[in-house]
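Read the structure below first, then the notes.
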Amino acid sequence: MEMSDRYCQGARVDVSSVSTSMATDPMTEEILRDDLRFYFMSPCEKYKTRRQLPWKLAVQILKIFMITLQLILFGLNNQLVVSYKEENLMAFKSLFLKDYSGVDEDDYSIAVYTKQSVYDSLHYVIDQYSQLGNLSVGPVSYAEENETFLPLIICKKSYKKGSVEPSEEAYDIDAELETVCLSLDPESTKTWRMNTSFFELDFYRLVDIEITFALKGINLQTVRSHELPDCYTFFVTILFDNSCHSGKVKLTLDFDAASCVCRNWKISGTAQKSTHYLLIFDGFVIVVCLISAVLCTRSIILAVRLLQRFSSFCLENYNQKVCEDDQREFLNGWYILVIISDVLAIIGSILKMEIQAKSMTNYDVCSIFLGTSTLMVWVGVIRYLAYFEKYNVLILTMRAALPKVLRFCCCAGMIYLGYTFCGWIVLGPYHEKFEGLSRVAECLFSLVNGDDMFPTFAEFKQKNTMVWLFSRAYLYSFISLFIYMVLSLFIALITDAYETIKGYQTTGFPMTEVQRFLMVQKEGFPLQGQEGVGTECGEAESIHPSVMLCCCKRVPKDDTIILIS
């Protein structure tokens with residue numbers, strides 16, 4: 001084993017130490033060699049050699065077309081849903097938030113600063129809810145459950161009662177929170193002013209007020225697309241946030257939308273037929289993906305068996321172990337990528353069918369599965385372009401540069417994380433782009449790409465001279481280090497790999513041991529005049545051909561040793 005490992009590393013062979021090989025069956029060796037040649041052929045070469053139809057290629061082409069069409073259809077439908085929800089959210093904000101301007105302020109909708117404004121906004125929500133049927137221009141109404149209207153619930157959360165005497169600066173607050181709720185149905189909202197005690201607010205201990213209610217609506221846009229209409233239940237939440245007790249109460253309106261099957265609807269048969277056709281199409285996509293996954297799994301199993309045959313042949317006849325680099329030649333990463341994309345496409349198609357049948361509403365999960373599978377399918381197209389030498393530069397460059405790039409990114413990432421934590425803790429209180437760890441990382445990544453540099457410098461608040469000076473040193477050092485050094489080295493690694501590949505395309509790629517084995521003819525292994533084999537191999541002329549599998553250095557024409565990681 002140790003001698004075999006040294007051979008794989010390119011060690012010089014001591015001819016006298018190599019045992020005489022066992023007698024081999026020429027027919028068995030030629031059959032194995034033919035099977036290996038056939039395995040490494042392109043689909044067109046396989047067809048020319050054995051007239052084997054390229055089933056996997058045909059299935060992949062069909063799958064690309066079907067998955068892309070499925071994604072487009074789902075995307076168009078998803079756009080209707082997104083626009084419907086966004087416009088409803090804007091309509092609800094305009095309906096229930098007093099003096100809403102149509103534009104949110106930061107991460108909240110609107111802010112109020114006086115007690116009267118809080119009372120007015122709170123009363124406005126209840127009044128608007130009670131008159132919803134006369135106000136809204138859309139098909140929105142109160143939600144029902146078991147033929148009963150779902151109530152509007154108001155909950156106020158406060159610190160337990162204490163005493164505050166601002167004149168003497170004496171505060172006695174119990175930090176434990178208590179929540180009191182009031183439930184109002186659409187009819188009782190008209191007489192809500194009778195609950196005067198509930199609406200008396202102690203602002204010094206008030207944390208927040210949360211108003212929740214449910215509305216139902218129907219999305220009629222899908223009818224124009226010959227699909228069934230979507231019925232929704234909107235669970236609306238309006239939050240009066242006073243947790244900071246800074247004199248600013250922030251109002252935020254948001255909702256969760258749940259889709260359901262519309263009851264008692266009547267519509268022409270076109271939409272229902274279209275839905276059935278889409279379900280059949282999605283089922284056909286699942287079948288094609290299953291066939292693709294089965295064919296690729298079969299190819300992987302055949303490759304493993306072929307590797308086992310080759311390894312057994314070398315061990316039994318020549319007492320040699322196949323190198324790890326050659327073992328990896330049998331593992332086709334494209335097949336693994338195709339299988340993963342097939343699994344994601346099948347799951348996404350099932351979710352899409354559930355959405356189409358109005359059994360579920362989670363468009364986001366379905367979008368992730370369908371989008372990722374489509375991405376992988378189109379990336380897999382590069383595999384077929386790799387059969388053409390001029391189109392193969394990208395794959396070869398990525399394969400050669402990836403290990404070095406990953407190692408380099410690990411080292412640079414440590415420095416990047418250090419700057420991220422430092423910027424967050426020091427500059428966060430003085431700049432909005434550094435308020436959170438994720439925002440700091442995004443800001444620094446933008447700076448590395450030369451985006452938004454001057455505003456980042458200019459927006460620093462000069463309240464603290466020491467922090468302002470630190471921010472300059474921090475930004476200048478980060479930009480100089482990452483743009484002028486790290487990024488340049490990153491590009492240099494990729495450029496170096498590209499130049500290496502371009503050189504190989506001119507002088508010839510180093511040959512693997514499997515390729516040398518496949519070049520052997522019945523009369524013997526071509527030791528002399530073989531491209532990619534240097535004088536090291538010439539010293540082993542007396543060795544049997546298959547002993548050469550793991551003993552030759554990969555030496556190009558200029559006798560320079562090339563180490564391929």
What do you reckon, is CG of D120 surrounded by more than 12 foreign heavy atoms closer than 6.0 Å? yes
Is there a donor in the side chain of Q131 and an acceptor in the side chain of D127, or the other way round, less than 3.5 Å apart? no
Is the closest side-chain donor-acceptor distance between T237 and E210 under 3.5 Å? no
Please round to the nearest 0.5 Å and tell me the distance separating atom CG of L206 and atom CG of D241. 9.5 Å
With sequence neighbours left out, what residues match S117 under side chain to side chain donor-acceptor pair (under 3.5 Å)? T114
Heavy atoms only: give me the nearest S183-I153 pair and the separation to one decimal. OG-CG1, 4.3 Å
Scan for salt bridge (Lys or Arg N to Asp or Glu O under 4.0 Å) pairs involving residues 418-429, sequence neighbours excluded, and state none if there are none. none
Ring geometry between F213 and Y129 (parallel below 30°, tilted from 30 to 60°, perpendicular above 60°): tilted
List the atom of T420, the atom of V440, and the distance in Å for their closest heavy-atom pair. O-CG1, 3.5 Å
Going by the angle between their ring planes, with limits at 30° and 60°, are Y416 and F478 parallel, tilted or perpendicular? tilted
Disulfide (SG to SG under 2.5 Å) partners of C409, counting only residues at least two apart: none
Identify the two heavy atoms, one from L97 and one from Y124, that lie closest to each other, and give their separation to 0.1 Å. C-CE2, 3.8 Å
Sidechain-backbone polar pair: Y84 side chain, I218 backbone, donor-acceptor under 3.5 Å: yes
For K433, check side chain to side chain contact (heavy atoms under 4.5 Å, CB included) against everything at least two apart and list the hits. H431, C443, D452, P455, T456, E459
Given the rule in the side chain to side chain contact (heavy atoms under 4.5 Å, CB included) test, do V207 and Y159 qualify, once you have shown the distances and angles that lead to the verdict? CA-CA 7 Å; V207 176; Y159 296 118; 4.0 Å; yes
Could you label the plane-to-plane angle of the F255 and F92 rings as parallel, tilted or perpendicular, counting under 30° as parallel and over 60° as perpendicular? perpendicular
Taking only residues two or more places apart in sequence, or in another chain, which ones meet I346 in a side chain to side chain contact (heavy atoms under 4.5 Å, CB included)? I286, C289, L290, I350
Could you tell me which non-hydrogen atom of A293 sits nearest to which non-hydrogen atom of I339, and how far apart they are? O-CG1, 4.2 Å
To the nearest 0.5 Å, how far apart are CD in Q60 and OG in S341? 7.0 Å
Output the distance between atom CD1 (I355) and atom SG (C366), rounded to the nearest 0.5 Å. 4.5 Å
Can you say whether the rings of F199 and H123 are parallel (under 30°), tilted (30 to 60°) or perpendicular (over 60°)? perpendicular
Heavy atoms of W424 and F434 approach each other most closely as CD1-O, 3.6 Å
Run the ring-centre check on F74 versus Y363 and record whether the distance is less than 6.0 Å. yes
So which heavy atom on F149 is nearest to which on Y142, and how close? CD2-CB, 3.6 Å
Name all pairs fulfilling the side-chain hydrogen bond (donor to acceptor under 3.5 Å, both in side chains) condition that reach into residues 473-492, sequence neighbours left out, sorted by first residue then second. Y419-S477
Would you give the length of the straight line joining atom CE of M353 to atom CZ of F281, rounded to the nearest 0.5 angstrom? 12.0 Å
